[in-house]
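Below is one structure; the comments refer to it alone.
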Amino acid sequence: MSIPSKLLPLPYYPPNPNPNPKFRFLNPKRPLYCQPKTLQIQCAKRTGKQRYPSEKKKLKLKHKALTHVNDKFQGIWRLSKLGVPLHLDPGKDYLGVSEGLLQEIAKVLKFPVASMLPPEAFLVVRKSFDARKVLKEPKFVYTVEMDVHKLLTLEPRTWDFISRLEPKVGLIEHIEHIEHMRGSSGDLISITRDYKINKGAESIKGESISKEGSDDFPGSRRPKVAVVGSGPSGLFACLVLAELGVDVTIIERGQAVEQRGRDIGALMVRRILQLESNFCFGEGGAGTWSDGKLVTRIGRNSGSVLAVMKTLVHFGAPESILVDGKPHLGTDRLIPLLRNFRQHLESLGVTIRFGTKVDDLVVEDANVVGVEVSESREKSEHNSQKLRYDAVVLAVGHSARDAYQMLLSHNMELVPKDFAVGLRIEHPQELINSMQYSSLAAEVHKGRGKVPVADYKVVKYLQGEDGDTSFDSVATSRSCYSFCMCPGGQVVLTSTNPSEICINGMSFSRRASRWANAALVVTVSSKDFEALNCDGPLAGVEFQREFERRAAMMGGGNFVVPVQTVTDFMENKLSVTSVPPSSYRLGVKVANLHELFPLHITKALQHSISMFDEELPGFISKDALLHGVETRTSSPIQIPRNSDTYESTSLRGLYPIGEGAGYAGGIVSAAVDGMYAGFAVAKNLGLYSGDIESILGKAQYAGQAKY
């Protein structure tokens, strides 16, 4: 069985897709260090007879639902998996309807002359690049919406061909109602303002749906809400609340992007780490200085994700993120976007307090009534303030470890959560281009060519028999996967303590760097924490700190990162020769990374790297360099909350949201969580009584990121 050595850059997934990925079985001739005693590779996607009965039933019902169309000449038709060969496509940056795409549309319609089809009748809603070797030739894959009325108006001779068009699961879908169209839902600002307009119309009719003038907020007083943290979840929660009339204050321990950029520059040039303004803390959260990925596991075509994406476009993101199969922004685009976001919030009356740290909650009778704050950079004990609010939205990131300690001081329940740890691998980008594209690698041109800069995403599952401890003395199975892959990027320091080393990847919009990096991580759980004598609610935090301290010691201090070539790591040796160049700007030191993690984690990393090399030949290379350590893949805890009101189950008036609370994993899922939480808080305050799920769909959570 052959394996695709190229991965599709985030294809559009229509309902019940039919891809059939093939996985290469293990090679019994691999060296012993590459094989556990019993090893199984489990496929995450089941097809054909492998589908569960529930999946077969769902597919059957979907197929049945698509077989009947009331009126083929109303609404739109969505045409998916339209493959345009590379030589017939203008390239990755062209999002219009090309002649090559019209030819593919004509094949679906069985229309004889593609050039007669009017491009104006078609809208590209998804475009991705497929360069797998199993294909005869690389192609761009499109999803297109066809406006029947416009098509018949511009080309009446298509009537007979539309009349013979029939739905096909995953390929051809008829959408009768305009609200289900890809481009119909608006951004978050439009959604909230439409609600207020409708609310005002109902109020005129004597059917007011608000509680204005209630006992909670008598007269014209606006409820006051503090949003702690200005990452994606905090910003989107704030936007909803401010648009609905709440008096919102954002309290951010870090600095605005302008000052934050200068602080990061001081770190990279003079090794000065500002504890409250760095790669983790500051406006936009940790995602600001990252790759700016907008991929998500919670449903790319859901109403909530589309609302977030369109809101980002409203604030300056390119419209291509609505179409690109694997959208990303890059730090250079995120900075002006955040500036526009901030200016809009300020125009709504939002107060933004940068450089202000929440030291404690003000609690009365198990109800949060405010926060105690101080200036982040002030050392004086006399600059503390107590501020009262009607609600507090806790939107801190997963590096705000002191916030977890503060919550424990109020006897709040914190639940330890599984996450993943590992190393960050870096290859020359040209090598990844060659591995993925072969002869097409020359078309990349550092992000300015016809094809995207090559990336990869690999996932494997290691599983031993029950009772078998020869492979893993702690757990019988683990997921091993690449995380936060940054093509054309660089490795950066995300430590928030000078005695610890933690790294991540980032890239700019063009992805023009000569390096490609990704974290290679394995899942860890409470069994792993206990093995290192880490217990209690913050066992995962202590587990992270242990390896971050070890990495700092192995690097010798001064933010130097320990590194080892992949070939040496696989053979557990330390070469005396020089290592390949690294994009990490604060210096690297050759070290044996086998001394970093417990043996079972190191073995899992070795096995996964070996299997990744089978899927991507050349992955194990003398030019590939492993960096230590990657520990903050997702939050190590979850703060329990009510699933409907988003209110903490321990303290009333406190709303834990986003990645730090354990309910998101990445920019988009955090923004979605903040958006839903904003509506929930507004409803609890009597300022919103609509059904947001009828507009955006049911909320979904992504507690552990894998992207």
Option from Leu431, Thr565, Ile425 for which side-chain contact (heavy atoms from CB on, under 4.5 Å) with Ser621 holds
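By the side-chain contact (heavy atoms from CB on, under 4.5 Å) criterion, Ser621 pairs with just one of Leu431, Thr565, Ile425: Leu431.
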
Any side-chain heavy atom of [X] within less than 4.5 Å of one from [Y]?
X      : Y      : result
Gln564 : Asn592 : yes
Phe597 : Val522 : no
Gln544 : Cys502 : no
Arg424 : Asn504 : yes
Leu334 : Trp289 : no
His627 : Ser582 : yes
Leu520 : Ser608 : no
Trp515 : Gln490 : no

Using a distance-only test with no angle check, is there a side-chain donor-acceptor pair under 3.5 angstrom linking Asp418 and Thr523?
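The answer is no; no qualifying pair exists.
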
Taking atom types as modelled and ignoring hydrogens, do the side chains of Arg126 and Asn301 form a donor-acceptor contact shorter than 3.5 angstrom?
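Indeed, the side chains of Arg126 and Asn301 share at least one donor-acceptor pair under 3.5 Å.
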
Checking Asp455 against Lys326 for the salt bridge (Lys or Arg N to Asp or Glu O under 4.0 Å) test, could you report, in this order, the C-alpha distance in whole Å, the side-chain angles of both residues, the deciding distance, and whether it holds?
CA-CA 10 Å; Asp455 64 359; Lys326 188 174 285 188; 2.9 Å; yes

Distance-only, no hydrogens or angles: does the [X] side chain make a donor-acceptor pair with backbone N or O of [Y] under 3.5 Å?
X      : Y      : answer
Lys293 : Met485 : yes
Gln638 : Gly662 : yes
Thr633 : Ala420 : yes
Asp673 : Ala664 : no
Lys450 : Leu86  : yes
Thr494 : Cys280 : no
Arg632 : Ile503 : no
Thr143 : Val125 : no
Arg271 : Leu586 : yes
Asp89  : Val84  : no

Apply side-chain contact (heavy atoms from CB on, under 4.5 Å) to Glu595 and Met553, showing your working.
CA-CA 11 Å; Glu595 300 173 2; Met553 293 177 63; over 6 Å; no

Evaluate side-chain contact (heavy atoms from CB on, under 4.5 Å) for Val492 paired with Ile264, printing each intermediate quantity in order.
CA-CA 10 Å; Val492 296; Ile264 289 175; over 6 Å; no

Could you walk me through whether Thr567 and Ile620 pass side-chain contact (heavy atoms from CB on, under 4.5 Å), step by step?
CA-CA 6 Å; Thr567 50; Ile620 297 178; 4.1 Å; yes

At their closest point, which heavy atom of [X] faces which heavy atom of [Y], and how far apart are they?
X      : Y      : value
Pro636 : Val541 : CG-CG2, 3.6 Å
Val566 : Leu626 : CG2-CG, 3.8 Å
Val629 : Ala551 : CG1-CB, 3.8 Å
Ala671 : Val308 : CB-CG1, 3.8 Å
Pro562 : Met554 : CB-CB, 3.9 Å
Leu440 : Val451 : O-CG2, 4.3 Å

Stepwise side-chain contact (heavy atoms from CB on, under 4.5 Å) check, Ser669 with Arg297:
CA-CA 8 Å; Ser669 61; Arg297 298 182 296 126; over 6 Å; no

Measure the [atom1]-[atom2] distance between [X] and [Y] for me, rounded to the nearest 0.5 Å.
X      : Y      : atom1 : atom2 : result
Arg448 : Glu443 : CZ    : CD    : 15.5 Å
Ile637 : His398 : CD1   : NE2   : 11.5 Å
His607 : Thr602 : NE2   : OG1   : 10.5 Å
Phe569 : Leu574 : CZ    : CG    : 12.5 Å
Ser583 : Leu625 : OG    : CG    : 9.5 Å
Asp568 : Ser575 : CG    : OG    : 3.0 Å

Neighbour count >12 (heavy atoms, 6.0 Å) for atom CD, Glu546
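It does: Glu546 CD has more than 12 such atoms within range.
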
Mark yes when over 12 heavy atoms from residues, nucleotides or ligands other than Met268 sit less than 6.0 Å from its CE; otherwise mark no.
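Counting neighbours around CE of Met268, more than 12 heavy atoms of other residues, nucleotides or ligands fall under 6.0 Å, so yes.
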
Ring centres of [X] and [Y] under 6.0 Å apart?
X      : Y      : value
Phe619 : Tyr456 : yes
Phe129 : Tyr437 : yes
Tyr584 : Phe559 : no

Under 30°, 30 to 60°, or over 60°: which ring-plane class applies to Phe543 and Phe547, parallel, tilted or perpendicular?
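If you compare the ring of Phe543 with that of Phe547, the planes turn out perpendicular.
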
For Glu542 and Arg545: C-alpha separation, side-chain torsions, deciding distance, then whether salt bridge (Lys or Arg N to Asp or Glu O under 4.0 Å) applies.
CA-CA 5 Å; Glu542 289 306 312; Arg545 279 179 165 156; 3.2 Å; yes

